[in-house]
Amino acid sequence: MKNQIVSERFKEMATMLELKGENPFKVRAYNKAAQNIESISEDIEKVAAEDRLTSIPGVGKDLAEKIKSILETGTFKEYDELKAQIPEGLLKIVNIPGVGPKRAALIHKELGITSEEELKEAAQKGLLRNLPRMGAKTEANILRGIEIWQQARARKPLGITLPIAKEIINNIKSIGKVHTIDVAGSIRRRKETNKDIDILASAEDPENIMKGFTKMPMVKEVLLCGSTRSSIIIEQDLQVDLRIVPDESFGAALQYFTGSKNHNIHLRTIAEKMGLKVNEYGVFRGNNRIAGKTEEEVYNSIGLPFIAPELREDKGEIEAAQSNSLPELIEQKDIKGDLHMHTKWSDGANTIMEMAETARKLGYSYIAITDHSQSLTVANGLTPERLLEQIKEIDKINEIIEGITILKGMEVDILSDGSLDMPDEVLQKLDVVIAAIHSGLKQPEEQLNARILSAIRHPLVNIIAHPTGRIIGERDRYPVDLRAIMQEAKLRGVAIELNSFPNRLDINDEGCRLAREIGVKVAINTDSHLKDQLINMEFGVATARRGWLRAGDVINTMPLKELKKFLYKEGIQ
DNA sequence: GCCGTTTTCGGCCCGACTGTTTTCAGTCG
């Protein structure tokens with residue numbers, strides 16, 4: 001997959017054009033294309049080979065040619081030309097908070113600075129304050145910007161940011177009378193990683209709330225503090241923005257600050273054609289506010305139904321809203337069980353009983369116990385003999401436990417030759433067989449594909465676990481052909497897992513859209529190793545929603561009876 | 001550089017905050 005490489009080139013191109021003071025819309029064109037190329041689930045080389053590059057939104061004739069050039073040579077002419085003119089270090093300093101293209105260019109021109117280190121040194125020596133329209137404060141801000149940038153280079157997973165956001169909202173509520181408060185930004189859209197935390201509120205006494213907000217115990221630094229907007233850095237090195245707006249504008253502001261940027265641009269373009277203006281205070285016809293108190297109002301006022309935040313990426317949701325064909329998205333309450341979890345029998349921390357009781361409290365009617373198989377020695381994987389013992393124990397627990405059914409399962413390894421790490425006659429005694437790759441991750445694409453495909457064709461396999469193997473911020477996905485895997489899985493009555501572990505989310509949102517397109521069923525599982533991780537289902541459901549999935553696309557929304565029909569492959573040859 | 005229910009040219013979202021300035025440029029989201 002060279003999607004990332006193409007995307008990087010275009011992003012860098014955009015930055016260089018910005019530094020040259022080029023047409024900002026050209027800059028945006030490159031950035032938008034980069035973003036879309038990064039997020040499509042298909043291999044860009046395949047799209048190029050099939051001459052479908054211009055079907056990617058934001059890619060026209062010109063960029064299509066440039067993509068081909070990147071795929072063949074790793075670069076393209078205009079990129080090389082600009083690259084030759086612009087010092088490498090300049091590209092780095094332009095990303096530092098407080099330094100934009102104008103200042104980067106000025107700093108470079110006047111002081112000859114070409115790197116982050118040189119900039120830091122110059123700021124420490126007080127050389128920046130003498131430049132036009134810059135002073136001691138700007139200089140200090142840039143110095144601070146370098147620090148922030150070094151710390152926060154990595155986006156943080158939703159599994160970290162969402163709980164913090166919830167905690168901060170509770171804190172703010174305790175400061176004074178808050179009318180309405182909600183998280184906005186990429187967290188509200190449930191994007192898998194977030195750069196910062198955006199919170200929006202309306203309140204009795206905004207000044208007081210703002211003051212309290214900047215004085216919370218977790219605050220490490222106050223970046224700015226106004227009556228409508230404040231920004232802080234918290235202990236976890238995350239930036240948190242709080243905005244306070246009037247009640248009558250809350251919906252408009254929530255819509256605006258939830259984004260995404262591309263979704264909002266598209267929305268405003270539609271509004272403009274209707275003679276309306278949309279900003280964070282409302283929807284206006286001339287000076288008349290015609291909507292703004294709720295998000296529903298805002299969408300309705302421009303002729304659209306409410307669009308769920310998870311869909312707001314300008315990837316077809318606005319068109320779907322216009323034609324009244326938005327999907328009825330899956331919700332947490334649709335989930336009837338969790339089909340992937342571990343216990344003390346392998347590398348989990350809790351007993352079968354503890355897992356079952358926690359799941360029952362979550363309102364589930366079934367779970368599957370799916371410990372590892374023997375080849376995964378590091379995880380204390382089960383031999384056939386131990387699995388048979390575990391089966392007996394589950395039978396016993398099922399007899400005494402009430403209100404929940406425990407399905408017998410295993411997360412069985414797909415070995416290097418594509419065979420399963422457990423004899424068929426033992427697997428046959430199980431209700432759920434999950435097949436997964438945990439070894440030989442460095443094998444070439446063809447071999448990995450072949451292993452997974454052969455597991456899918458095994459008549460006893462029900463689910464393929466974490467199909468791409470990526471771990472956010474640690475390990476790239478392995479180069480498997482997700483489309484081919486899904487097509488085969490659909491044919492064989494096998495489900496594809498959406499692993500809800502916050503640093504996995506595998507398949508991801510784009511994978512979900514592909515699954516929906518192909519029509520393969522998805523299993524949203526937590527892969528819990530502790531009973532406390534069962535609540536991670538929230539992240540899987542959120543990702544499924546971002547991937548346009550409905551309850552009917554997901555097997556663990558089925559009642560047990562129906563699920564069993566799926567697991568026993570009734571009607572599949 | 002893209003794009004089209006104002007279509008092949010001329011648009012492309014818009015306001016807050018800061019720091020510098022004496023009316024606004026730069027950055028950010």
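Please read all numbers here as calculations on a predicted model, not as lab measurements. In the text below, chain A, chain B and the rest are named by the order of the sequence lines, each starting its count at 1.
- Contacts of Arg133(A) with the nucleic acid, taken as non-hydrogen atoms under 4.0 Å apart, include base atoms.
- Close to dC17(B), at under 4.0 Å from its OP1 or OP2, lies a side-chain N or O of Thr228(A).
- A donor atom on one side chain and an acceptor atom on the other are not found under 3.5 Å apart for Asn141(A) and Glu139(A).
- No donor-acceptor contact under 3.5 angstrom links the side chains of Arg103(A) and Thr138(A), judged on distance only.
- Here Lys32(A) does not reach the OP1 or OP2 of dC12(B): none of its side-chain N or O atoms lies under 4.0 Å away.
- Of the candidate nucleotides dG26(B), dC2(B), dC12(B), dG26(B) has the atom lying nearest to any side-chain atom of Arg103(A).
- For the residue pair Glu110(A) / Asn130(A), no side-chain donor-acceptor distance below 3.5 Å is found, with atom types taken as modelled.
- The shortest distance between the side-chain N/O atoms of Lys195(A) and the OP1/OP2 oxygens of dG29(B) is below 4.0 Å.
- Applying the 3.5 Å distance criterion, the base of dC14(B) shares no donor-acceptor pair with the side chain of Arg268(A).
- One finds a side-chain N or O of Thr138(A) lying less than 4.0 angstrom from the OP1 or OP2 phosphate oxygen of dT20(B).
- Gly98(A) comes within contact range of the sugar-phosphate backbone alone, with a heavy-atom separation under 4.0 Å but no base atom that close.
- Judged purely by distance below 3.5 Å, without hydrogens or angles, the side chains of Asn536(A) and Thr526(A) never pair a donor atom with an acceptor atom.
- Side chains of His266(A) and Asp314(A): a donor on one and an acceptor on the other come within 3.5 Å.
- For dA16(B), one of the phosphate oxygens OP1 or OP2 lies less than 4.0 angstrom from a side-chain nitrogen or oxygen of Tyr281(A).
- Pairing for dC9(B) goes to dG4(B), judged as Watson-Crick or G-U wobble with the two contacts each under 3.5 Å.
- Residue Asn23(A) is classed as a base contact, given a heavy-atom separation below 4.0 Å to a base.
- Within 4.0 Å (heavy atoms only), Asn264(A) reaches no atom of the nucleic acid at all.
- Residue Lys277(A) has a polar side-chain atom (N or O) positioned under 4.0 Å from OP1 or OP2 of dG15(B).
- Within 3.5 Å, a donor on the side chain of Tyr256(A) pairs with an acceptor on the base of dG29(B), or the reverse.
- Among the atoms of the strands shown, none is found under 4.0 Å from any heavy atom of Leu131(A).
- The phosphate of dG15(B) has OP1 or OP2 within less than 4.0 Å of a side-chain N or O from Asn279(A).
- Among the protein residues, Pro97(A) comes within range of the sugar-phosphate backbone only, with heavy atoms under 4.0 Å from sugar or phosphate atoms but none that close to a base.
- Among the atoms of the strands shown, only primed sugar atoms or phosphate atoms (P, OP1, OP2) are found under 4.0 Å from some heavy atom of Ala136(A).
- Arg129(A) has no side-chain polar atom (N or O) that falls below the 4.0 Å cut-off from OP1 or OP2 of dG19(B).
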